[in-house]
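Counting starts at 1 for both ligands and their atoms, following the listed order.
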Amino acid sequence: MIKKAVLPVAGLGTRFLPASKAIPKEMLPIIDKPLVQYAVEEAVNVGINEIVFITSPEKFSIKNHFKKNKEIETKLIKSGKNDLAMAINPEIFSKVSFYYVNQKKQNGLGDAILHAESIIGNSPFAILLPDDLFISKKSCLQQLIDAYALNKSSAIAVNVIDKNNIHKYGVIKPKERTSEIIKIEDIIEKPNAIDAPSDLAVCGRYILNSSIFKHLKSVKPDISDEIQLTDAIKSMLSEEEVYGVLYDR
Ligand code: UTP
């Protein structure tokens, strides 16, 4: 059973500027909830009860958002607004432990994940990138958990992406593509469209074995001096199987 999830939120969010100048992009509202809450709910709804945020001091509002606020809750209940009291301290979060680890320097997604090692330990775990929002009948994370249960191997969500945008993603080279669960032969971070090994790009949900930490420690930083999670998965492929799961909306 997958019980732990890592949500990296320490990135600078430059693509969302100026909206993300003072407000973390993860806190931008979608209808009535901040973006990050959708990812936390997706994790909790598959049975995850330990959530590790890799964060930075500027993103203090994320911690405040998931902290129980007794004072407002009491006021709301006194004035008969029980539904709002439930909304600010949702019942589903009451059994979840939230951890916050600061990433001092934005050295990339891979470096962010490495910061979770001591809390994750030896079990397989989930990664959710909260700025990728997935809404489907069966959640993207549940689809990965089902694939993990089937193959007992790491599983990463992939989506079909058009040629004009493929260079923005990690792209898998399938070994066998017979169903929506695809054995991966190779994975390449942000290839040129012409070099892309397929049209299947990694999206922001993963179930990984804890062996990923060993690979994160051995991969070299890229030209921007960032440790890429994709490079560590590539290194992992030399020792164990990893599957792509074509996300079914
Ligand atoms: P992105 O590259 O999408 O996020 O990283 P970013 O760095 O915030 O965005 P831009 O490129 O400046 O617009 C994917 C995820 O990894 C986290 C981000 O917060 C995001 O959830 N991340 C990225 C970290 O936690 N630390 C990093 O050093 C880099």
Can Lys175 and Glu241 be said to form a salt bridge (charged side-chain N to carboxylate O under 4.0 Å, His left out), step by step?
CA-CA 11 Å; Lys175 194 181 271 177; Glu241 282 174 355; 5.6 Å; no
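Residues in residues 117-131 take part in these side-chain hydrogen bond (donor to acceptor under 3.5 Å, both in side chains) pairs, two or more places apart or across chains: Lys25-Asp131, Glu117-Lys217. Sequence neighbours left out, the pairs with a member in residues 101-144 that pass ring-ring contact (aromatic ring centres under 6.0 Å, His included) are Phe125-Phe213, Phe134-Tyr247. For the side-chain hydrogen bond (donor to acceptor under 3.5 Å, both in side chains) condition, the pairs that include at least one residue of residues 78-97, sequence neighbours left out, are Glu73-Asn89.
The cationic atom of Lys63 (NZ for Lys, CZ for Arg) does not lie both less than 6.0 Å from the six-membered ring centre of Phe98 and within 45° of the ring axis.
Taking 4.0 Å as the cut-off between side-chain N and carboxylate O, Asp186 and Lys234 count as a salt-bridged pair.
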Extract all N/O-N/O pairs under 3.5 Å that connect ligand 1 to the protein, and present each with both atom names and the distance rounded to 0.1 Å.
from, atom 1, to, atom 2, distance (Å)
ligand 1, 2 (O), Arg15, NH2, 3.3
ligand 1, 3 (O), Arg15, NH2, 2.6
ligand 1, 4 (O), Lys25, NZ, 3.2
ligand 1, 8 (O), Leu12, N, 3.3
ligand 1, 8 (O), Gly13, N, 2.9
ligand 1, 8 (O), Lys25, NZ, 2.9
ligand 1, 9 (O), Arg15, NH2, 3.4
ligand 1, 9 (O), Lys25, NZ, 3.4
ligand 1, 11 (O), Arg15, NE, 3.2
ligand 1, 11 (O), Arg15, NH2, 3.2
ligand 1, 12 (O), Gly13, N, 3.3
ligand 1, 12 (O), Thr14, N, 2.8
ligand 1, 12 (O), Thr14, OG1, 2.6
ligand 1, 13 (O), Thr14, N, 3.1
ligand 1, 13 (O), Thr14, OG1, 3.3
ligand 1, 13 (O), Arg15, N, 2.7
ligand 1, 13 (O), Arg15, NE, 2.8
ligand 1, 19 (O), Gly11, N, 2.9
ligand 1, 21 (O), Pro8, O, 2.8
ligand 1, 25 (O), Ala10, N, 3.0
ligand 1, 26 (N), Gln103, OE1, 2.7
ligand 1, 28 (O), Gln103, OE1, 3.3
ligand 1, 28 (O), Gln103, NE2, 3.2
ligand 1, 28 (O), Asn107, N, 3.3
ligand 1, 28 (O), Gly108, N, 2.8
ligand 1, 28 (O), Gly108, O, 3.4

